[in-house]
Amino acid sequence: MKIYNTLTKKKEDFIPLEPGKVKMYVCGPTVYNLIHIGNARPMIVFDTVRRYMEYKGLEVNYVSNFTDVDDKIIKKAVEEGVEASVISQRYIEECKKDMAALNVKPATMHPLATEEICGMLDMIGDLIEKGYAYAAEDGTVYFRTRSFKEYGKLSHKNLDDLQGGNRSLLVSGEHQKEDSLDFVLWKPKKDGEPYWESPWCNGRPGWHIECSVMSKKYLGEQIDIHAGGEDLVFPHHENEIAQSEAANGKEFAKYWMHNAFLNIDNKKMSKSLGNFFTVRDIAEKYDLQILRFFMLSAHYRSQLNFSAELMDAAKNGYERILTSVENLKYLLAESTVDVLTESEGEMLVEANSFVTKFEEAMEDDFNTADALSAIFELVKYTNTQADSKKSKEFLQELLNKIKVLADICGLVVEKQAEILDTDIEELIKQRQEARKERNFQRADEIRDELLAKGIVLEDTREGVKWKRA
RNA sequence: GGCGCGGUAGCCAAGUGGUAAGGCCCCGGUCUGCAACACCGUCAUCACCGGUUCAAAUCCGGUCCGCGCCUCCA
């Protein structure tokens, strides 16, 4: 299994610190609103990474936080006149609903920043003691960036460029820093803000320290994979490395994975451009499985563009897989042969080549676009070979293969048993009778009537099938 | 200014040395009362220029175009 490592800018063989086990930390969202579709990309991508690893028999300890203390949360709380925790709790619940709809597995652990303050105070104290951090007059604690010799190794920046290039960005209140590159570990509260007591001042943590602390607490001082959106490379992940490695004295994460951004109609998504979509917005128009399929149709490290046209194309592609699965289930019920024949055995060997292709794609830095193409080839093979004369065992094997591969991608391809309203059932029966009598006008009327109710009929060789539009 | 990424068919997207996967959309056909589904078939020489090589979309140099990050946006 190869993983592209931002740290080394190379694809590397994945070797877990502990054989058979994976410690993985994925930076989660700040919960001040419903999550947007950009937030969904890392969730889907890294959930797929996790699923593939589990498929390969690795035990994945997957930790993903919710940042529940932050300026934006406080701002929203002030606007609504409620406690910050009301806002964060609300959006954590909503986020979990969206994740479930996207078929993103819950993390092994979803820690909250506000519940890990003690650990943060410990780590900050430790950093001060070791000379990596200092408290300013007003109680703000800063990390002494230049004291960490390897600072910049992840984002491949050198400190002098950073300082020189950003001198103009120095803002007021920064004068108390020893160096403009220093970043905040702990900051004083302002009026009306939530705060915690600390040796330096009543205040709250900086953003970066929480991930260092939660990662350490739930996964240990050294982890296998740390992941997130590419915008987090600098400064967030760079700062995490500085904090963790300075405090723990050992390499923090072996592999750093970053997904590229999702654009909307070729522009960066932003509220001011009016092209901002929450996952909930998309759910009104599409089954979220289609969004997941769409996200996996490109490599996670390439920029992906979102548009209604592309979602419609994704819908059609995704349904091609569903149709094949439905057909297999139908044939399975029709088949009267139980045992696999020799020629069917040979066909399964051929079908297996698509499974191999799928795995090879995933082994190569999780090339989901290529992996999906392997599923399509398997689907094509299935559509060509499967018919009601084949044995149940053969059909079941094909069905299993498709389901297993789709499940690695987190795609649900089996519609849940839907219950027909009795009047719909009755209409379908009436239409069949009309067709028998070659009263096609009546048959079409009924079909249109059902279509108006969102029921699409298909007269296949195997009988009448229906689905919701 | 610094660092980095990308330009492959109408659209999306794999492929990083040996004569272009897959999906969507068109078009022709089979099946079908029709439609839908499915199947068969058709559809590109890989931004441009030059170089290396027996051989390049794939390596090197240049040009044009698009994009990202550079202190809290996934």
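Residue numbers start from 1 in every chain, and the chains themselves are labelled A, B, ... in the order their sequence lines are given, proteins ahead of strands.
- Checked against A:Phe293 for a side-chain contact (heavy atoms from CB on, under 4.5 Å), the options A:Ile44, A:Leu372, A:Leu288 give a single hit: A:Leu372.
- Within 4.0 Å of A:Asn383, counting heavy atoms only, lie sugar-phosphate atoms of the nucleic acid but no base atom.
- Using atom C1' as the reference point in both B:C25 and B:G62, the two lie 37 Å apart (nearest Å).
- Taking atom C1' in both B:U19 and B:A36, the straight-line distance is 40 Å, to the nearest Å.
- Only the C1' atoms considered, B:C27 is 15 Å distant from B:A9, to the nearest whole Å.
- Remark: A:Arg144 fails to qualify as a cation-pi partner of A:Tyr132 under the 6.0 Å distance and 45° angle criteria applied to the six-membered ring.
- Cation-pi geometry between A:Lys11 and A:Tyr4 is not satisfied (NZ or CZ under 6.0 Å from the ring centre, within 45° of the ring normal).
- Taking atom C1' on both B:G51 and B:C69, the two are 33 Å apart, rounded to the nearest angstrom.
- When heavy atoms are screened at a 4.0 angstrom cut-off, A:Arg431 is found touching base atoms of the nucleic acid.
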Got a list of protein N/O to nucleotides 72-74 of chain B N/O distances below 3.5 Å?
residue, atom, partner, partner atom, Å
B:C73, OP2, A:Lys72, NZ, 2.7
B:C73, O2, A:Lys268, NZ, 3.0
B:A74, O4', A:Asn39, OD1, 3.2
B:A74, O2', A:Gly229, N, 2.6
B:A74, N7, A:His36, NE2, 3.3
B:A74, N1, A:Leu262, N, 2.9
B:A74, N3, A:Gly38, O, 2.9

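- Of the candidates B:C37, B:A14, B:C40, the closest approach to any side-chain atom of A:Glu458 belongs to B:C37.
- Aromatic ring centroids of A:Tyr62 and A:Phe46 lie 6.0 Å or more apart.
- Separating the C1' atom of B:G23 from that of B:C31 is a span of 23 Å, rounded to the nearest Å.
- Looking only at distances, no side-chain donor or acceptor of A:Ser307 sits under 3.5 Å from a matching main-chain atom of A:Asp265.
- As the counterpart of B:U30, B:A38 is assigned, both hydrogen-bonding distances of the Watson-Crick or G-U wobble pattern falling under 3.5 Å.
- With a 4.5 Å cut-off on side-chain heavy atoms, A:Arg292 and A:Thr48 count as touching.
- Here the two rings, on A:Tyr142 and A:Phe183, have centers that are 6.0 Å apart or farther.
- Of the candidate nucleotides B:G33, B:C37, B:A13, B:G33 has the atom nearest to the side chain of A:Ala443.
- B:C5 is paired with B:G66 under the criterion used here, namely a Watson-Crick or G-U wobble arrangement in which both key atom distances are under 3.5 Å.
- Within the 4.0 Å cut-off from OP1 or OP2 of B:A14, at least one side-chain nitrogen or oxygen of A:Ser302 is found.
- Whole-Å rounding puts the A:Glu178 CD to B:U71 P distance at 21 Å.
- Checking side-chain atoms of A:Asn239 against main-chain N and O of A:His208 turns up no donor-acceptor pair under 3.5 Å.
- Comparing B:C40, B:C34, B:G15 by their closest approach to the side chain of A:Asp364 singles out B:G15.
- Rounded to an integer number of Å, the gap from A:Arg447 CZ to B:C37 P is 12 Å.
- A distance of about 22 Å separates the P atoms of B:G17 and B:G4, rounded to the whole Å.
- Residue A:Asp459 is classed as a base contact, given a heavy-atom separation below 4.0 Å to a base.
- Although no hydrogens or angles enter the test, the distance criterion places a donor-acceptor pair under 3.5 Å between the side chain of A:His156 and the main chain of A:Leu154.
- In this structure, A:Gln396 and A:Leu332 have side chains that are in contact, with non-hydrogen atoms separated by less than 4.5 Å.
- Distances shown here put a side-chain N or O of A:Arg320 below 4.0 Å from the OP1 or OP2 atom of B:G23.
- Pairing for B:A44 is absent, with no Watson-Crick or G-U wobble pair whose two atom distances lie under 3.5 Å.
- Base pairing annotation: B:U53 forms no Watson-Crick or G-U wobble pair, as no partner gives both donor-acceptor distances under 3.5 Å.
- Spacing between atom NZ of A:Lys315 and atom C1' of B:C37 amounts to 14 Å, rounded to whole angstrom units.
- For A:Phe440 and B:G33, the ring-to-base geometry satisfies the stacking test (centroid distance below 5.5 Å, interplanar angle below 30°).
- Looking at the side chain of A:Lys380, the nearest of the listed nucleotides B:A13, B:G22, B:C39 is B:C39.
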(request) Step by step, work out the salt bridge (Lys or Arg N to Asp or Glu O under 4.0 Å) result for A:Lys403 and A:Glu414. (result) CA-CA 8 Å; A:Lys403 278 164 64 179; A:Glu414 225 170 350; 3.2 Å; yes

Any protein N or O atoms within reach of nucleotides 41-45 of chain B? Criterion: under 3.5 Å, listing atom names and distances.
none

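- When each of B:C67, B:C34, B:A13 is scored by its nearest atom to the side-chain atoms of A:Gln303, the top-ranked nucleotide is B:C67.
- Atom-to-atom, CG of A:Leu328 to C1' of B:A38 comes out at 12 Å; the value is rounded to the nearest Å.
- At a threshold of 4.0 angstrom between heavy atoms, the contacts of A:Leu372 with the nucleic acid are absent.
- Considering only the side chain of A:Lys157, B:C70 comes nearest among B:A36, B:C70, B:A21.
- Checking A:Asn266 against A:Leu304, the closest nucleotide of RNA chain B that is more toward the 5' end is the one next to A:Leu304.
- Picking from B:C11, B:A38, B:G4 the nucleotide with the shortest atom distance to the side chain of A:Leu310 gives B:C11.
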Can you give me the N/O atom pairs linking the protein to nucleotides 25-31 of chain B at distances under 3.5 Å, or say none if there are none?
residue, atom, partner, partner atom, Å
B:C25, OP1, A:Asn316, ND2, 3.2

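- A:Tyr255 places a side-chain N or O within 3.5 Å of a backbone atom of A:Asp13 that can act as its donor or acceptor partner.
- Between the NZ atom of A:Lys329 and the P atom of B:C37 there is a distance of 20 Å, rounded to whole Å.
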(request) Test side-chain contact (heavy atoms from CB on, under 4.5 Å) on A:Met362 and A:Phe358 and set out the steps. (result) CA-CA 6 Å; A:Met362 293 300 277; A:Phe358 179 96; 3.7 Å; yes

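- Side-chain N or O atoms of A:Lys390 include none that pairs as donor or acceptor with a backbone N or O of A:Leu395 at under 3.5 Å.
- Between A:Asp312 and A:Asn305, it is A:Asn305 whose nearest contact on RNA chain B lies nearer the 5' terminus.
- One interatomic measurement links the two molecules: OH of A:Tyr300 to P of B:C12, which rounds to 23 Å at whole-angstrom precision.
- Looking at heavy-atom distances under 4.0 Å, A:Asn239 makes no contact with the nucleic acid at all.
- Of the C1' atoms belonging to B:C26 and B:U58, the separation is 30 Å, rounded to the nearest Å.
- With hydrogens and angles ignored, the 3.5 Å screen pairs a side-chain donor or acceptor of A:Asp68 with a backbone N or O of A:Ala113.
- Pair assignment for B:U71 gives none, since no Watson-Crick or G-U wobble pairing has each distance under 3.5 Å.
- Taking atom CZ on A:Phe354 and atom P on B:G22, their separation rounds to 10 Å, with Å as the unit.
- Separation of the P atoms belonging to B:G68 and B:C46 is 28 Å when rounded to the nearest angstrom.
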